[in-house]
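One structure is given here, and the rest of the page talks about it.
In what follows, chains carry the letters A, B, and so on, assigned in the order in which the sequence lines appear, proteins first and then strands, with residues in each chain numbered from 1. Computed from heavy atoms alone, side chains included, the values below leave out hydrogens, waters and symmetry copies.
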Number of protein chains: 2
Amino acid sequence: MFLAKVYITYKKGVLDPQGSTVKKALGTMGFDTIEDVRVGKYMEIMLEEKEKDVAEQKIKEMCDKVLTNPVIEEYSYDILEVRK
Amino acid sequence: MFLAKVYITYKKGVLDPQGSTVKKALGTMGFDTIEDVRVGKYMEIMLEEKEKDVAEQKIKEMCDKVLTNPVIEEYSYDILEVRK
């Protein structure tokens, strides 16, 4: 069994209005040393697989085909083995 | 300058309808070894601070006060030093 932690962010150069809004909101609350905020998605996917290679390949496929929009988003992941 | 990577997830036991939907969608696409999917938020916050301690304290404060709902969400973070 494997736990994949997937981090999805906008590519550099892609406007992130949600990030700008969070930055502004934090600024008005006194957090004035914030240079930049980027907001992304985080997913934890538990996979019933025996081989780490297979798990990794499936995660890549999911990310490429469904979870991200490759035009504006990029992703990275960590895969950890989990004992039940 | 510090880059904080903040991971926000629902607490265990809190229903995650977005995660269930993603799981179902992936299942219909042939990914049938998925045990569970949890969807959370991921933020990258760039802080103009000199001390790591100060940066960490600010990140904690932001998370507790603004970025998360402590009733249903929990968070973790990594803080990395970044050279301009």
### Task
Find out if a path of hydrophobic residues (ILVMFWY) with successive side-chain heavy-atom gaps under 4.5 Å connects A:Met29 to A:Val37.
yes

### Task
State whether the number of non-hydrogen atoms from other residues, nucleotides or ligands found under 6.0 Å of B:Glu48 atom CD is greater than 12.
yes

### Summary
One option among B:Lys5, B:Lys65, B:Lys41 has the most heavy-atom pairs under 4.5 Å with chain A, and it is B:Lys41

### Query
A:Ile59 and A:Leu67: same hydrophobic cluster, using ILVMFWY side-chain contacts below 4.5 Å?
yes

#### Entry: Among B:Met62, B:Met43, B:Met1, B:Glu49, residue most engaged with chain A (heavy-atom pairs, under 4.5 Å)
B:Met62

### Query
With the 4.5 Å side-chain cut-off for hydrophobic clustering, are B:Tyr10 and A:Ile45 part of the same group?
no

### Message
Take a 6.0 Å sphere around CD of B:Glu51 and say whether it holds more than 12 heavy atoms from other residues, nucleotides or ligands.
### Response
no

### Message
Counting only non-hydrogen atoms closer than 4.5 Å, does A:Val66 touch chain B with its backbone (N, CA, C, O), its side chain (CB onward), both, or neither?
### Response
side chain

### Task
Apply the test side-chain contact (heavy atoms from CB on, under 4.5 Å) to residues B:Ile34 and A:Leu47: give CA-CA distance (whole Å), side-chain angles for both, the deciding distance (0.1 Å), then the verdict.
CA-CA 5 Å; B:Ile34 298 176; A:Leu47 278 176; 3.7 Å; yes

### Query
Hey, any chance A:Ile79 and B:Tyr42 share a hydrophobic cluster, counting ILVMFWY side chains that come within less than 4.5 Å of each other, even indirectly?
no

#### Entry: Region of A:Leu26 that comes under 4.5 Å of a non-hydrogen atom in chain B
side chain

### Query
chain A heavy atoms under 4.5 Å from B:Ile8: which part of the residue, side chain, backbone, both or neither?
backbone

### Task
Could you grab the distance from atom CZ of B:Arg38 to atom CD of A:Glu44, nearest 0.5 Å is fine?
8.0 Å

### Task
Please flag which part of A:Glu61 lies under 4.5 Å from any non-hydrogen atom of chain B: side chain, backbone, both or neither.
both

### Message
A quick test of your reading: do over 12 heavy atoms of other residues, nucleotides or ligands sit less than 6.0 Å from NZ of A:Lys24?
### Response
no

### Query
Which bit of A:Val22 comes within less than 4.5 Å of chain B, counting heavy atoms only: side chain, backbone, both or neither?
side chain

